[in-house]
Amino acid sequence: MGTLIVIPARYASTRYPGKPLVELRGADGQAKSLIKRSWEAAKAVQGADRVVVATDDDRIKEASEAFGAEVVMTSQACQNGTERCAEAFDTLGGGYDVIVNLQGDAPLTPAWFVEDLVSALRAHPVAEVATPVLRTEGRALNGFLEDRRAGRVGGTTAVFGADHNALYFSKEVIPYTGKTYGDDDETPVFHHVGVYAYRPSALAAYPRWAAGPLEQLEGLEQLRFLERGAHMLCVEVEARGRQFWELNNPEDVPRIELMLQQMGAV
């Protein structure tokens, strides 16, 4: 039945209003909007049958259509990206057996992260949702810790069991480790990559559930699945030398631009 990639994007972000339209300069000095870079990342995924931007804002719609993206308009009542994906999937009339939520603030997401995610979900029939996790090196972990000391939310971390079934996700750095790590040292902390692959039944159920206390405390949409006992698979992906970071705060712009330059990404 195929794979649909949905890029949920909203203008009224609490932490960074207008974030999808923020411009990021690549290695050649060319500026592209965050939503365009996220769309380009989605289009690079092998095996994706369709890519759409899901938004509730005309400014994002117009900017997306200008660079050739297909856009699905969704309600302003959507509380998060998963609800927006569910509404977009319903509007499109279904027809796909895997729906990928490639959030519009992760333009550095390598194509193989998504490809591995979809393959893992299809290989684990019990899993209802799958999401990638990336083992951090000291450089990334130290960045998380620096952000928390400065009162900023950097990345989200994940812990999972021996079967890779998700146990918890947090904006705090978990699990705790008192050890000091060099930039290139491997650490026991896993960075949660903000991408999800859903089975249609799990995605359809999600908007019907009320947000639980953990989701409300952490502000992490995936905790609604855990609080309802859904089987969420954490899929360990490999960086292959690529750096990864999400755009959460204005301070992340120069960090991501530096990574784009180091990667030679235009």
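We're numbering straight along the sequence, starting at 1.
- The distance between the ring centers of Tyr198 and Phe89 does not fall below 6.0 angstrom.
- Thr131 contributes atom OG1, which lies 11.0 Å from atom CG of Leu121 (distance to the nearest 0.5 angstrom).
- Taken together through direct or relayed side-chain contacts under 4.5 Å among Ile, Leu, Val, Met, Phe, Trp and Tyr, Ile5 and Tyr206 form parts of separate hydrophobic clusters.
- Checked for salt-bridge contact, Asp147 and Arg255 meet the test: a charged N lies under 4.0 Å from a carboxylate O.
- Of the possible donor and acceptor atoms, none in the side chain of Arg199 sits under 3.5 Å from a partner among the backbone N and O of Leu203.
- Side chain of Glu128 to backbone of Ala230: no donor-acceptor contact under 3.5 angstrom is found.
- Between the side chain of Glu83 and the backbone N or O of Gln79 there is at least one donor-acceptor pair closer than 3.5 Å.
- With rounding to the nearest 0.5 angstrom, the CG atom of Asp97 is 8.0 Å from the CD1 atom of Ile99.
- Taking each heavy atom of Trp209 and Arg224 in turn, the nearest pair found is O-NH1, 3.1 Å.
- Considering only residues two or more places apart in sequence or on other chains, Pro20 meets the side chain to side chain contact (heavy atoms under 4.5 Å, CB included) condition with Ala9, Ile35, Ile60.
- Connection of Leu21 to Ile7 is established within a shared hydrophobic cluster, with ILVMFWY side chains joined at heavy-atom distances below 4.5 Å, either directly or through further cluster members.
- Thr187 places a side-chain N or O within 3.5 Å of a backbone atom of Thr136 that can act as its donor or acceptor partner.
- Cation-pi check for Arg50 over Tyr96 is not met; the charged atom does not lie both under 6.0 angstrom from the ring centroid and within 45 degrees of its normal.
- Put simply, NE2 on His191 and CZ on Arg135 are 14.5 Å apart, with the number rounded to the nearest 0.5 Å.
- Rounded to the nearest 0.5 Å, atoms NZ (Lys43) and CH2 (Trp39) are 5.5 Å apart.
- Minimum heavy-atom separation, Ala42 to Val51: CB-CG1, 3.8 Å.
- Of the possible polar contacts, one joining the Asn142 side chain to the Tyr181 backbone as a donor-acceptor pair under 3.5 Å is found.
- No donor-acceptor distance shorter than 3.5 angstrom exists from the side chain of Gln30 to the backbone of Val266, with no hydrogens or angles considered.
- With Asn249 contributing its side chain and Glu251 its backbone, the two residues share no donor-acceptor pair below 3.5 Å.
- Around the CD atom of Gln216, the shell of radius 6.0 Å holds more than 12 heavy atoms that belong to other residues, nucleotides or ligands.
- Under 3.5 Å, the side chains of Thr74 and Glu87 contain no donor-acceptor pair of N or O atoms.
- Between the CZ atom in Phe169 and the CD atom in Glu221 there is a gap of 10.5 Å [rounded to 0.5 Å].
- The pair Asp56-Arg84 counts as a salt bridge, with a side-chain nitrogen and a carboxylate oxygen less than 4.0 angstrom apart.
- Using a 30° and 60° split on the angle between ring planes, Tyr196 and His192 fall in the tilted class, from 30° to 60°.
- Counting only distance, with no hydrogens or angles, the side chain of Glu246 and the backbone of Gly194 share a donor-acceptor pair below 3.5 Å.
- Checking side-chain atoms of Arg242 against main-chain N and O of Leu108 turns up a donor-acceptor pair under 3.5 Å.
- A distance of 9.5 Å separates CZ in Arg37 from CG in Leu34, rounded to the nearest 0.5 Å.
- Judged by distance alone, the side chain of Thr55 and the main-chain N or O of Arg10 form no donor-acceptor pair under 3.5 Å.
- Note on Met259: it clusters hydrophobically with Leu141, by side-chain heavy-atom contacts below 4.5 Å among ILVMFWY residues.
- Residues satisfying the salt bridge (Lys or Arg N to Asp or Glu O under 4.0 Å) test with Lys36, not counting sequence neighbours, are none.
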* Asp58 and Met73: CA distance, side-chain angles, deciding distance, side-chain contact (heavy atoms from CB on, under 4.5 Å) verdict -> CA-CA 9 Å; Asp58 287 335; Met73 294 302 290; 3.7 Å; yes

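- When hydrophobic clusters are built by joining Ile, Leu, Val, Met, Phe, Trp and Tyr residues whose side-chain heavy atoms come closer than 4.5 Å, directly or via intermediates, Leu4 is grouped together with Val129.
- Between Ala239 and Leu134 the shortest heavy-atom distance is N-CD1, 3.7 Å.
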